[in-house]
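Quick note: residue numbers are just sequence positions, from 1. Reckoned from all heavy atoms, side chains included, excluding hydrogens, waters and symmetry mates.
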Amino acid sequence: KARGRHSSAAIATTAVASCSPQALRAPQAPASPSVCAGHVGQPAAAGDVRRQPEGPDGGWLAAAMGAQVCGQGRNADLVLNVIQPHEIEGFGNLVMRTSYSSSDHAFEAPQPCAAERYTCAYEPVAMLPVHFDIKEATSQDPPGTRTLTHRTSGMVRKLVTVRKPSGAERQERLRADVRRLHQLRNEGVARVLEVFEDTRSMMLITEPCSGGTVYERILQKSYFAEQESAVLIRHLLQSMASLHRAGLAHGFLTPDAFRFQSEQTHASLKLVDYGLDLKVHLWDVLSAASAGGGNSSRRTECLQLWETCRLVFCPPEVVRPTQASRRGKKTPCRVDGGKPHRGETLNVDLLAEVIDAHLEHYEDASECLSMLEAADAWGIGTITFLLLCGYPPFFAPCRYAILARIDKTDFSFDPPFWSKISEEAKDFVQQCLRASPERRMTVSEALEHPWIQSLADTSPSGSMLSSFALNLRRFYRTSLIEGFAANSLAAKLSYSEAHEFHTRCCETDQNKSGFLTATDLRQVLMTLGHGDIAEAIAVCFSRMLRHPGESYIDYQALSESARLRRERLIEEELWQSFKAFSSASVGVEETGRLPVTCLRDFFQVSDVRKSMSRGGASQDVCDVVCSAVDGALRMPGVGLKGVGDHVLEVDFIDIASEVVRCLPPSMQIRKRFESVPNMRKHDDDVDGSVE
């Protein structure tokens, strides 16, 4: 197999005698990264000849002419590269090297090897454990993210799982975005190396970025100035500009969406979260809203919308709930404290309402992309605000207060936190955080802003105020506690235990403020016998994030976040049971569909009943799901596929969506908070940080 990289510059062509991959592969070469002769897709440097340790002359001759040989226990790939004119000089002084660092090619090696396996668009997920050793997820891993190790080369990779939306058309839109990501080559975006797919998800194998987050890198420094913030923001803008040029956009940028490639001081800052989860949820919500499907999009709900330390970065066109009064709907939060009705959630169709108001004119794909690009500019503005003062612009202890501040675009440059920040930096933030997407500065325009162009050379000299690090440390600690606690509660608590946890939080919140301190949260967990979770919260984040102040946790949002995660875990358990049942009872290979006649038998499987019980489902869930399927029988083409002349099958995605709808909805707040205090700055705060 040969690939060439063309350039508009003048090129010198070279000819290589016809030879087979076997002739270029070293006999009995070890199946390790050392088999590869260099970077795939990059020309060999002048004076650099790379040969296989025991290979024939043909191998190093091809390498000298800009070819690299790569193989991981399979047929080798010969990759021909164009030699630039300036690289020809010095060819008379070639230096033979019989050894080189495996890190030279570690980034590129898997891709040609993966190409050998491709017989269709994407490989089935069943092949993933054949090629990779999948590590167990931990409570500190982001949802849907795992660490992998290639079984042959030992290379470490990241696995990003994206849940498919319902409907063939929306699934094809997801594939189109994944294809663009797979083809994207930019230093500011983590490479997608391979893609696997099954009936319910797409799994992206990406390059690992182990250098930590922006938070961690800044908090490790004893000196951090406004100029360094400008440098970081320029890197973020360059990453997003390349994404936009590829016909993609994120829509919900947070600092956690970026990671440094390595621990090195000048490591690249890369986008590692592609925003696919939000898109999938928006597509499902839009479909449900147009079809009057209620909360049928619960299965693909975006978790970030229920984490207050991520919600603060979300643009108003995604979170503004202006349609409740227009449609005459009641407030989504119950105020009577009574038993919730089936299907009612705390946040009834929030995104469905948002989309109905703000995306009615975005039916065209290009217009929808334009809206998401504007949302990315908003995200850059919120991150810039954070990197200049240590706290985000719309932060508040309670989710409802955050939503209210975003809706009103309520932010200010409060002294003394902004006393050392330049006017150019403030202007940059203001132009990014305009409520109207049409009036907002674009990413391309932001790159041309004087603050970015000059890298804040007009800013006051010296490091940030001491309050900057204190504010950032407190906010980052709160963010970690939210994610860690939600993952732990989802994995270890059943629905009944989670309900008891929420009830105890309400009792502890005597002022009905809607939030607890991290200390109160640990005390509630200890009282309920979950001391392991409480101890983990105290230990995991105490060393680097020591802070004299408290972290405030919105326990309602925490309960919702844990519920959504638990529902995803239950779906994963159902999927494993579904595959086993389909193979054993139906006698067919995994197709992701089940004959309608076998649906009731599937719900009688002991593992299925156990999973449903842990999720708090009622005993009649089987009847509810089967009734929904029977209703779909009257609407051909909705989740059903005919086999032969008579047999109808139902997709697992549709089964899972109905099951999730049958699970108990959100926990109910005992009292509607008519007004929730925003962030307050206390003059008597000993550390001068935002409380």
Main-chain N/O of Ala249 paired with Lys279 side-chain donor or acceptor, under 3.5 Å: yes
Could you tell me the separation between the OG atom of Ser268 and the CD atom of Gln238, rounded to the nearest 0.5 Å? 10.5 Å
Nearest 0.5 Å, what's the CZ-CD distance between Phe252 and Gln304? 5.0 Å
Do Leu181 and Leu276 come close enough that some side-chain heavy atom pair is under 4.5 Å? yes
Could you tell me whether Asp256 and Arg310 have a side-chain N and a carboxylate O separated by less than 4.0 Å? yes
Between Phe385 and Phe413, how do the two ring planes meet: parallel, tilted or perpendicular, split at 30° and 60°? parallel
With a 4.0 Å cut-off, would you call Arg565 and Glu307 a salt bridge? yes
Measure the acute angle between the ring planes of Trp378 and Phe394, then classify it against the limits of 30° and 60° as parallel, tilted or perpendicular. parallel
Taking the side chain as C-beta and beyond, is there a heavy-atom pair between Met240 and Leu253 under 4.5 Å? yes
Tell me whether the guanidinium CZ or amine NZ of Arg405 lies under 6.0 angstrom from the six-membered ring centre of Phe411 and within 45° of its axis. no
Do you see a donor-acceptor pair shorter than 3.5 Å between the side chains of Gln261 and Glu207? yes
I'd like to check Leu174 versus Val162 (side-chain heavy atoms, cut-off strictly below 4.5 Å). Are they in contact? yes
Presence of salt bridge, Glu560 and Arg399, under 4.0 angstrom: no
Please confirm whether the backbone N or O of Cys302 pairs with a side-chain atom of Asp277, one donor and one acceptor, at under 3.5 Å? no
Answer yes or no: is there a donor N or O on one side and an acceptor on the other, between the side chain of His281 and the main chain of Thr300, under 3.5 Å? yes
Assess whether side chain to side chain contact (heavy atoms under 4.5 Å, CB included) is satisfied between Arg568 and Arg163, documenting all intermediate values. CA-CA 10 Å; Arg568 295 194 174 191; Arg163 300 152 68 84; 3.5 Å; yes
Any side-chain donor-acceptor pair under 3.5 Å between Thr145 and Lys158? no
I'd like to know whether Glu438 forms a side-chain hydrogen bond (donor to acceptor under 3.5 Å, both in side chains) with Ser436, so could you lay out the CA-CA distance, the side-chain angles of the two residues, the decisive distance to 0.1 Å, and finally the verdict. CA-CA 5 Å; Glu438 292 78 10; Ser436 172; 2.8 Å; yes
Ser419 side-chain N/O to Pro416 backbone N/O, donor-acceptor pair under 3.5 Å: yes
Taking the six-membered ring for Trp and the full ring for Phe, Tyr or His, determine whether the centres of Phe475 and Tyr391 are under 6.0 Å apart. no
Could you tell me the separation between the CD1 atom of Ile233 and the CG atom of Leu387, rounded to the nearest 0.5 Å? 5.0 Å
For the CD1 atom of Ile553 and the CZ atom of Phe515, what is their distance to the nearest 0.5 Å? 11.0 Å
Kindly indicate, with the supporting measurements, whether the criterion side chain to side chain contact (heavy atoms under 4.5 Å, CB included) is fulfilled by Phe428 and Thr384. CA-CA 9 Å; Phe428 180 87; Thr384 304; 3.5 Å; yes
With a 3.5 Å cut-off and no angle check, do the side chains of Asn511 and Ser513 form a donor-acceptor pair? no
Run the side chain to side chain contact (heavy atoms under 4.5 Å, CB included) check on Arg440 and Gln431 step by step: do they pass? CA-CA 6 Å; Arg440 204 175 295 159; Gln431 293 198 48; over 6 Å; no
Heavy-atom side-chain proximity of Asp273 to His250 below 4.5 angstrom: yes
Name all pairs fulfilling the ring pair (Phe, Tyr, Trp, His ring centres under 6.0 Å) condition that reach into residues 208-232, sequence neighbours left out, sorted by first residue then second. Tyr215-Tyr476, Phe224-Phe468
Is there a donor-acceptor contact under 3.5 Å linking the side chains of Ser422 and Ser459? no
Leu455 to Gln227 - nearest heavy-atom pair and separation: O-CG, 3.5 Å
Using a 4.5 Å cut-off on heavy atoms from C-beta on, say whether the side chain of Arg434 contacts that of Thr409. no
What's the shortest heavy-atom distance between Ala469 and Leu219, and which atoms? O-CD2, 4.0 Å
Sub-4.5 Å side-chain heavy-atom contact between Glu226 and Pro460: yes
Kindly determine whether Trp306 and Gln556 satisfy side-chain hydrogen bond (donor to acceptor under 3.5 Å, both in side chains), including the steps that lead there. CA-CA 9 Å; Trp306 290 98; Gln556 172 67 25; over 6 Å; no
Are the side chain of His502 and the backbone N or O of Ser559 linked by a donor-acceptor pair below 3.5 Å? no
Should Val312 and Thr382 count as side-chain neighbours, where that means a heavy-atom distance under 4.5 Å? no
Would you compute the distance between atom NZ of Lys135 and atom CZ of Arg146 and round it to the nearest 0.5 angstrom? 11.0 Å
Identify the two heavy atoms, one from Gly251 and one from Asp376, that lie closest to each other, and give their separation to 0.1 Å. N-OD1, 2.6 Å
Side chain to side chain contact (heavy atoms under 4.5 Å, CB included) for Leu465 and Lys420? Distances and angles first, verdict last. CA-CA 8 Å; Leu465 296 173; Lys420 289 189 64 176; 3.6 Å; yes
If you take all heavy atoms of Pro208 and Arg157, which pair is closest and at what distance? CD-NH1, 3.3 Å
For Trp451 and Glu423, which I'm curious about, is there any donor-acceptor pair between the side chains at under 3.5 Å? no
Ignoring hydrogens and angles, tell me if any N or O in the side chain of Asp520 forms a donor-acceptor pair with the backbone of Leu516 under 3.5 Å. no
Going by heavy atoms in the side chains, are Lys221 and Glu228 under 4.5 Å from each other? yes
So which of Leu248, Val189, Asp177, Val178 actually passes side-chain contact (heavy atoms from CB on, under 4.5 Å) with Tyr274? Val189
Is Arg522 paired with Glu535 through a side-chain N to carboxylate O contact shorter than 4.0 Å? no
On a heavy-atom basis, the closest approach of Ala490 and Ala562 is CB-O, 3.4 Å
Looking only at heavy atoms, which two atoms of His182 and Arg185 are closest? And how far apart? O-NH1, 2.7 Å
Spatial distance of atom CD1 (Ile218) from atom OG (Ser229) [nearest 0.5 Å]: 6.0 Å
